[in-house]
2 protein chains.
Amino acid sequence: MAQSDTVVRILDTAEALFAEKGFAETSLRAITSRAKVNLAAVNYHFGSKKALIQAVFARYLDPFCEEFNQELAILEKKSEVSLEELLEVLARCTISVPATKGSLSVFMRLLGLAYTQAQGHMRRYLQEHYGQTFLRFTNLLKLSSADLPDAERFWRIHFMLGAVVFTMSSLDALRDIALSDYDEKTRIADLVARLLPVVTAAMQAPVPEQPELVKQ
Amino acid sequence: MAQSDTVVRILDTAEALFAEKGFAETSLRAITSRAKVNLAAVNYHFGSKKALIQAVFARYLDPFCEEFNQELAILEKKSEVSLEELLEVLARCTISVPATKGSLSVFMRLLGLAYTQAQGHMRRYLQEHYGQTFLRFTNLLKLSSADLPDAERFWRIHFMLGAVVFTMSSLDALRDIALSDYDEKTRIADLVARLLPVVTAAMQAPVPEQPELVKQ
DNA sequence: CTCCAAGTTAAACAACTGTTTCAAACATTA
DNA sequence: TAATGTTTGAAACAGTTGTTTAACTTGGAG
């Protein structure tokens, strides 16, 4: 049974090439030739290039969401949850899941691409499949930052999402600079340790005076 | 003299389409047909699609850097510069420059695409042409956050760069959500007002205990 | 007016894209 | 062993891509 082998090899290669060059810039021929499988294999096993992209994401996000949902269920039973506690759980799940492959940075790069690259279908896919988990998280976040206006919290979530995704997705380049300029061999765990106090402080920053809402 | 007219129309259309769909997903035919210009005009006036992309950026960044450099020169003469002061200058220049066109959000989206979309040549172009201005900025930032270890500052700069670029590049989608969920008509100026305290707090967050540097 | 460079146009170029086809090879069950 | 359904293989499909060519139009200087 060579099937699973072909599927896995396509997924591995596609993941690497997508992260390296982007979705539109990576052709099926580039994937299949490097993976040493036939060109038609992608359409046979996945149906289309779109579906392949989604499958690459699902391989990361499905196990992540499963673990994260379990942790969220525990937190939801508690009477109150601190911001540090919630972020620590998020960080732990993010690190632990792809530990088998050790390529968290690759996945973060993909996530960044999915959001910024104008692949509308990816945003829709992520929303449909993982929106509910995200909602559970934001509900807990609301409890742990109750004094923050809803709109303010909304924007800050995306500021911090950007900080994480952007840094992680450029990780290799930044790590090289950090090494040559500051003699620092930054591991993912170090980066998370750096991120936690920054994100916490950002979420707790003073709220600016209400901007006067003008029409248009 | 229809030349300048053609060039400007190409730039305007390309800018809009790039922001809307991304670089790779926007064909020269899509640009030229919407701009009501002949297909060959792009290669005639700009040389290649790559050069057109760079020209779209230069139209924003050249005037921005000119103004920003002037402001930086003023700050460099002062004996000390506060973090708020420096960030406020950055925000002011960012807002003021494209005021004539009112499409700062378009440019921000382009900037986000340039960094996240794996167009290697764009990163190189930005570094080569505007790296020195960025260096002047980071030097002042070092003065205004002298108690921060260099490596820590380095990472935080990129955290915050990510927050800005990522948010801006998804701006339209986020703005729609903010409008429907919080009845908020977010203007760019509002967003900058929200960003300033967050970035300030993030840069001033407590430094985590030195991560033990292990080999590998 | 003449002439020349600058700009525009339509057409064709070669290369590449995702997808489909159908015969061959394979593994599995009866 | 024979029959079955699944997986691979090479080739072709129809469409799009960025770029180039060469003929054509135009505006202004000599």
Fill in: Check: Thr167(A) and Leu161(B) side chains under 4.5 Å, non-hydrogen atoms
no
Discussion item. Tell me whether the side-chain N/O atoms of Thr6(B) come closer than 4.0 Å to OP1 or OP2 in dT8(C).
Written reply: yes
Item to complete: Starting from the first five and the last five pairs of the helix from dC1(C)-dG30(D) to dA30(C)-dT1(D), work out the angle between the resulting helix axes, to 10 degrees.
Response: 10°
Fill in: Lys/Arg-Asp/Glu bridge criterion (N-O < 4.0 Å) met for Glu128(A), Arg124(A)
no
Practice prompt. Could you tell me whether Glu85(A) atom CD has more than 12 heavy atoms of other residues or ligands within 6.0 Å of it?
Written response: yes
Item to complete: Give the rounded distance in Å between these two atoms: CD1 of Ile10(B) and C1' of dT9(C).
Response: 13 Å
Worksheet item: Just how far, in rounded Å, is P of dT20(C) from CZ of Phe46(A)?
Response: 16 Å
Worksheet item: Taking CG from Leu17(B) and P from dT17(D), how many angstroms apart are they, rounded to a whole number?
Response: 12 Å
Discussion item. Using modelled atom types and a 3.5 Å cut-off, is there a donor and acceptor pairing between side-chain atoms of Arg109(A) and backbone atoms of Glu20(A)?
Written reply: no
Fill in: Option from Ile157(A), Asn139(A), Leu126(A) for which side-chain contact (heavy atoms from CB on, under 4.5 Å) with Phe134(A) holds
Ile157(A)
Worksheet item: Quick one: what's the B/S/- string for nucleotides 10-17 of chain C, heavy-atom cutoff under 4.0 Å, read 5' to 3'?
Response: B-B----B
Worksheet item: Does OP1 or OP2 of dA6(C) have a side-chain N or O of His45(B) closer than 4.0 Å?
Response: no
Worksheet entry | Nearest-angstrom distance from the residue atom NZ of Lys36(A) to P of dT8(D) | 16 Å
